[in-house]
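A note on names: the letters A, B, ... follow the listed sequences, proteins ahead of strands, and every chain is numbered from 1. Note that the coordinates shown come from a computational prediction; the quantities given were computed from them, not determined experimentally.
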Number of protein chains: 2
Amino acid sequence: MARAATTTDVFNAVAEPRRRQILDLLAAAGPCAVGAIVIALGLPQPAVSKHLGVLREVGLVSVEKHGQSRVYQLNAKEIQAVHEWTRTFERFWTHKLDRIKHRAEARARAQGHPFAIAAAAARKDRAS
Amino acid sequence: MARAATTTDVFNAVAEPRRRQILDLLAAAGPCAVGAIVIALGLPQPAVSKHLGVLREVGLVSVEKHGQSRVYQLNAKEIQAVHEWTRTFERFWTHKLDRIKHRAEARARAQGHPFAIAAAAARKDRAS
DNA sequence: TTGACATATGCCCATATCGGCATATACTCA
DNA sequence: TGAGTATATGCCGATATGGGCATATGTCAA
């Protein structure tokens, strides 16, 4: 198997910097026609179209025909999944003390191999 | 150019589901030896080692030799970048009214091409 | 209808991927 | 020293990528 397609996941779609740029732009400027994005980001038009295609397929943007131009609109709700996942780790950078405590506990657990805990976590991960 | 290397970015590293599983596991169970991860996730050992290699190179985990096993520890601080980026879009799913308002404003702006706004946003994006 | 404009697509290339398998490296203990 | 365990690494194949370029599609305007 090769790498997962960029259209499989919001995570994969968002891994490309230029795609993130496009999303940032749409968030800042509101719905944009392709041409506007091309000019704003200084990218060749086919590239923009292709990136928009990926974003569209993943549901991160939606299109609306307006005459001969197509206006792309951000659908940021899809980013929420990524946000939620990262939020899981929030405690690791917000409370320094907590982090130290966690490390200590974890180190203690690591002495005996934490198979049970690990397996439980894995089950939880697979469920998500 | 092909797709960016998975070791370029936290975004790219995290695009792989199994890598996310490993991170989830380390967050839940604390530092783990490779063998523990192998058993917990049911993946072949070389695969786990390679994924850990990617995570290591991006700084998402750190290693510590302990006898003949290597204990990997989560360094979640690196995930904060992703968290911050997604947080930029938070307003789009938290307040429904805000979202509607934004759309309306944006639509209005879209009538005349929002080049100036777009360009400004692009500059801001490139800076980040 | 013809021409100009706005987007999308198709094709080619070089590249990096992930998985599987075999094997090298590193450490421990008898 | 030699066997056994724990990880890492190298090589292979199949695949999807992203950029560039040319071109097809679709739409408006005169």
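Proximity of Arg18(B) to the phosphate of dG19(C): a side-chain N or O atom is located under 4.0 Å from OP1 or OP2. The phosphate of dG19(C) has neither OP1 nor OP2 within less than 4.0 Å of any side-chain N or O from Arg3(A). The shortest distance between the side-chain N/O atoms of Thr6(B) and the OP1/OP2 oxygens of dT17(C) is below 4.0 Å. Between Lys65(A) and dT27(D) there is a side-chain polar atom (N or O) within less than 4.0 angstrom of OP1 or OP2. Dashed line: the shortest gap from a side-chain N or O of His66(A) to OP1 or OP2 of dT27(D) is not under 4.0 Å. Of the side-chain N and O atoms in Tyr72(B), none sit less than 4.0 angstrom from OP1 or OP2 of dA6(D).
The nearest whole Å value for the distance from the CD1 atom in Ile39(A) to the C1' atom in dT7(C) is 14 Å. In this structure, Leu41(A) places its CG atom 16 Å from P of dG18(D), rounding to the nearest Å. Distance, Ile37(A) CD1 to dA8(C) P: 9 Å, rounded to whole Å. Atom-to-atom, CG of Leu43(B) to P of dC18(C) comes out at 13 Å; the value is rounded to the nearest Å. Atom C1' of nucleotide dT7(C) and atom CD of Glu64(A) are separated by 16 Å, given to the nearest angstrom. Between Lys50(B) atom NZ and dA16(C) atom C1' the separation is 13 Å, expressed in whole Å. dA8(D) atom P lies 12 Å from atom CG of Leu55(B), rounded to whole Å. With rounding to whole Å, Phe11(A) atom CZ is found 21 Å from dA16(D) atom P.
Closest contact between the side chain of Gln68(B) and the listed nucleotides dA6(C), dA26(C), dT17(C) involves dA26(C). You'll find that the side chain of Ala47(B) is closest to dG19(C), out of dT7(C), dG19(C), dA6(C).
By the 4.5 Å heavy-atom criterion applied to side chains, His66(A) and Arg70(A) are not counted as neighbours.
With the nearest nucleotide of DNA chain C identified for both Leu52(A) and His51(B), Leu52(A) has the one nearer the 5' end. Place Arg70(A) and Glu16(A) on DNA chain D by their nearest nucleotides, and Glu16(A) ends up nearer the 5' end. Along DNA chain D, the nucleotide closest to Met1(B) and the one closest to Arg56(B) are compared, and the more 5′ of them pairs with Arg56(B).
Outside the 6.0 Å centre-distance limit, the rings of Trp93(A) and Phe89(A) are not counted as a close aromatic pair.
Geometrically, Arg56(A) does not engage Tyr72(A) in a cation-pi contact defined by less than 6.0 Å to the ring centre and at most 45° from the axis.
Among the protein residues, Pro46(A) comes within range of the nucleic acid bases, having at least one heavy atom under 4.0 Å from a base atom.
With hydrogens and angles ignored, no donor-acceptor pair under 3.5 angstrom links the side chain of Gln45(B) to the base of dA6(D).
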| query | Could you walk me through whether Ser49(B) and Gln45(B) pass the side-chain hydrogen bond (donor to acceptor under 3.5 Å, both in side chains) check? | reply | CA-CA 6 Å; Ser49(B) 272; Gln45(B) 175 267 316; 3.2 Å; yes
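With rounding to the nearest 0.5 Å, the separation of OG1 in Thr86(A) from CG in Leu23(B) is 12.0 Å. In this structure, CG in Leu41(B) is found 9.5 Å from NE2 in His51(B), a value given to the nearest 0.5 Å.
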